[in-house]
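Here the structure comes first, spelled out in structure tokens, and everything after it is commentary.
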Amino acid sequence: MKSSIGLIGLGVMGTSLARNIARNNYKIALYNRYVKGSEEGVAQNKISKFKELSDALGFEDLTSFVASIERPRKIILMLTAGAPVDEVIQQLLPLLESGDLIIDAGNSHYKDSQRRFEELNHEGILFMGLGVSGGEEGALRGPSLMPGGSLEAYELMEDVLKAIAAKQKDGTPTSAYVGDGGAGHFVKMVHNGIEYAEMQLIAELFEIMHRALEMSYDQIASIFESWNQTELESYLLGITAEILRTTDDQGYVIDRILDSAAHKGTGSWSLTAAVELGQPSTLMAAALFARFSSSKRSYRTQLSQCYAFENSTINLSLDDLKATYSFARIINHHQGLSLIQVASKKQHWEIDLGVVCSLWTEGCIIKSKLLYRLIPIVDQQLLPLSDASVVAQFTKDRIGIQNTLASLVSSPVPTPALSGAYEFFKQSIQSQSSAHMIQAQRDYFGAHGYELTSDADGRLHHYNWKN
């Protein structure tokens, strides 16, 4: 009996996804390359190790692997992004037939997915760029899935994806067609950009509480746990409380972790896309640049000896902090959804933001109650800041974030993301900005021209400033 699905790449994520597929009663063929001395018998070892895979077929020969899968073949790639994906696709092409489907479920750049989609279409091979979020546990128990590519490709995999995906509160799977070409990986990329900013917001709140308010780890954990019983509930807030309570025979684990954060690329990809599309994704930028700053630890330590910064007493309420966090989170999601909206229009992807929010409600790193709240808002073709309920909330919460930021002016605690959220808000609600001065400056030194408030056609004018 032939397998329903094939999977190539049995690292942590690939193995977890394979187990999930098999547990949902799909017969699966597994392939992992053979490298003498380092990768030998990988597929068979996985089959022996995990009971879900007991009926799976394991291969080290690609031709035999492809031949074991029923047509139209559906082959999932769980590989490192970039050249490895292209190399395996080229190895597969001579073995495939028209109508077969290649699914790239790694963290590929959306432009690569768009290119592969177009190239494979010329070969008669279907392609799906599949965003997968949830980490190892999500891949095993139920991830958030963001499939892009042709609708025909999605329809071939629809039942499988819905079976293995996480489920919303009403039982709806967190898998639905996102859009054409590279749309799936674009949405996953922006998910990761939002994730960067959410992590940075929580890290800043932690530092405010610990350094500026001199609260213990257990006290901070208790506050985060209480917030997690409200509309602020999220996966990231929950795990942060767990981290703060985790101890061993050497004390709090968090105290032994180096304050230098890594990044794998998707955060910078999101920011690059925002720049290319002219979108002010300021919280993603703040989060990414904060990680860059953290990596300069030796220089930071050197400068800390040069500049004295008194840790003055701060009068700041927890209610103000809670309002600040709520405010900044909505700004973060607004910016991410706006970026998707603009990219979708430019690429003709026709991405439904309501569907995107629903895919992120469960199974992924940014899952939260907020995403359930945003679904009916974006279903009305509104971005969050335009919704009446958000306007009412911000009217109430503004004083909280104002108090927070004002209190921290004299503190050594930096808040690039929290501050950036409020600055973006102020810029967004300006009916008159300072950009007319920028136009005048550019015209003065470079004769770049400027538009007039009285013109409706966008014509450029030049003034002879030096006369």
Side-chain angles (χ1 to χ4, degrees), residues 133-134 144 166 168-169 174 191 193-210 212-213 215 217-245 283-284 286-287 316-337 357-358 360-378 383-385 387-405 407-408 413 415-422 424-425:
S133 179
S144 167
Q168 297 176 49
K169 292 174 182 177
T174 55
H191 164 285
I194 293 172
E195 175 187 309
Y196 270 51
E198 287 290 292
M199 293 169 71
Q200 180 65 26
L201 290 172
I202 294 173
E204 290 178 17
L205 289 164
F206 155 71
E207 191 172 12
I208 292 169
M209 293 180 190
H210 188 55
L213 299 180
M215 296 173 65
Y217 294 156
D218 283 335
Q219 288 174 316
I220 300 169
S222 294
I223 291 166
F224 285 165
E225 286 164 351
S226 68
W227 288 1
N228 221 30
Q229 301 301 312
T230 70
E231 73 283 354
L232 294 179
E233 181 271 331
S234 74
Y235 170 78
L236 284 170
L237 198 60
I239 67 167
T240 304
E242 289 186 31
I243 289 167
L244 288 168
R245 291 202 188 278
L283 267 68
M284 292 181 191
L316 181 59
S317 76
L318 292 177
D319 285 342
D320 283 344
L321 273 182
K322 184 180 179 183
T324 298
Y325 181 44
S326 178
F327 190 104
R329 292 188 70 219
I330 292 176
I331 295 290
N332 181 26
H333 285 73
H334 174 95
Q335 290 184 349
L337 292 169
C357 287
S358 71
W360 292 345
T361 53
E362 303 291 342
C364 66
I365 305 303
I366 65 170
K367 66 178 184 178
S368 69
K369 280 188 177 177
L370 175 58
L371 285 156
Y372 281 102
R373 176 186 174 187
L374 293 179
I375 293 171
I377 293 175
V378 294
L383 288 169
L385 289 186
D387 179 67
S389 70
V390 173
V391 173
Q393 179 189 331
F394 275 23
T395 301
K396 176 173 63 73
D397 286 348
R398 278 174 72 175
I399 188 65
I401 194 168
Q402 288 169 355
N403 289 342
T404 297
L405 297 178
S407 299
L408 291 167
V413 176
T415 56
L418 290 171
S419 301
Y422 193 58
F424 171 82
F425 172 71

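For the numbers below, each heavy atom of this structure counts, side chains included, while hydrogens, waters and symmetry mates do not. What you are looking at is a predicted structure, and each value in this text was computed from that prediction instead of being measured. Each residue takes its place number in the sequence, starting with 1.
Contact annotation: the side chain of L316 approaches that of I208 to within less than 4.5 Å [non-hydrogen atoms, C-beta and beyond]. Taking 4.5 Å as the limit, every side-chain heavy atom of T415 sits out of range of all side-chain heavy atoms of L205. Counting only heavy atoms from C-beta outward, the side chains of W360 and L374 never approach each other to under 4.5 Å. You'll find the side chain of T404 stays beyond 4.5 Å of the side chain of Y325, heavy atoms only. Using a 4.5 Å heavy-atom threshold, the side chains of T324 and L405 count as separate. With a 4.5 Å cut-off on side-chain heavy atoms, V390 and H334 do not count as touching. The shortest distance between side-chain heavy atoms of V413 and H210 does not fall below 4.5 Å. Looking at E198 and S368, their side chains never come closer than 4.5 Å, going by heavy atoms from C-beta outward.
A distance of 11.5 Å separates CG in D397 from OH in Y422, rounded to the nearest 0.5 Å. Going from atom CD of E195 over to atom CE of M284 covers 11.0 Å, rounded to the nearest 0.5 Å. Atom OG in S326 sits 12.5 Å away from atom CG in L321 (nearest 0.5 Å). We find the OG1-NZ distance between T230 and K322 to be 4.0 Å, quoted to the nearest 0.5 Å. We find the CD1-CD1 distance between I401 and I331 to be 8.0 Å, quoted to the nearest 0.5 Å. Once rounded to the nearest 0.5 Å, the distance linking CG of N332 with CG of L337 reads 9.5 Å.
The aromatic rings of W227 and F224 lie tilted to each other, with the angle between the two planes from 30° to 60°. Aromatic ring pairs are classed by plane angle as parallel below 30°, tilted from 30° to 60° and perpendicular above 60°; the pair F425 and F394 is perpendicular.
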Checklist line | Derivation of the side-chain contact (heavy atoms from CB on, under 4.5 Å) call for L232 and R329 | finding: CA-CA 9 Å; L232 294 179; R329 292 188 70 219; 4.2 Å; yes
Note to self: Could you walk me through whether K367 and S144 satisfy the side-chain contact (heavy atoms from CB on, under 4.5 Å) test, starting with their C-alpha distance in whole Å, then the side-chain angles of each, then the deciding distance to 0.1 Å, before giving a yes or no?
What the structure shows: CA-CA 9 Å; K367 66 178 184 178; S144 167; over 6 Å; no
Notebook entry, point to check: Stepwise, does the side-chain contact (heavy atoms from CB on, under 4.5 Å) test hold for I223 with M215?
Noted result: CA-CA 10 Å; I223 291 166; M215 296 173 65; 2.8 Å; yes
Item checked: From CA spacing to verdict: side-chain hydrogen bond (donor to acceptor under 3.5 Å, both in side chains), S389, D387 -> CA-CA 6 Å; S389 70; D387 179 67; 2.3 Å; yes
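Minimum heavy-atom separation, N228 to G238: ND2-CA, 3.5 Å. Residue H333 comes nearest to L371 through the heavy atom pair CD2-CD2, 3.9 Å, listed as atom of the first residue, atom of the second, then distance. The two atoms that bring L201 and A328 nearest to each other are CD2-CB, 3.7 Å, heavy atoms only. The two atoms that bring I365 and L236 nearest to each other are O-CG, 3.6 Å, heavy atoms only. When all heavy atoms are compared, the tightest approach of G336 to I194 is CA-CD1, 3.9 Å. Nearest heavy atom pair, residue I330 against residue P384, reads CG2-CB, 4.1 Å.
Qualifying side chain to side chain donor-acceptor pair (under 3.5 Å) partners for Y372, counting only residues two or more places apart in sequence or in other chains: E362. For E242, there are no side chain to side chain donor-acceptor pair (under 3.5 Å) partners at least two apart in sequence or on another chain. Taking R373 as the reference, nothing meets the salt bridge (charged side-chain N to carboxylate O under 4.0 Å, His left out) condition, with sequence neighbours excluded. With sequence neighbours left out, D218 forms a side chain to side chain donor-acceptor pair (under 3.5 Å) with R245, Y252. Judged as a side chain to side chain contact (heavy atoms under 4.5 Å, CB included), and not counting sequence neighbours, the contacts of N403 are D320, I399. In terms of the side chain to side chain donor-acceptor pair (under 3.5 Å) criterion, S358 has no residue partners (sequence neighbours excluded).
In this structure, the side chain of E204 engages the main chain of L418 through a donor-acceptor pair within 3.5 Å. The backbone N or O of A166 lies less than 3.5 Å from a partner atom in the side chain of T174, making a donor-acceptor pair. A donor-acceptor contact shorter than 3.5 Å is absent between the side chain of Q200 and the backbone of A286.
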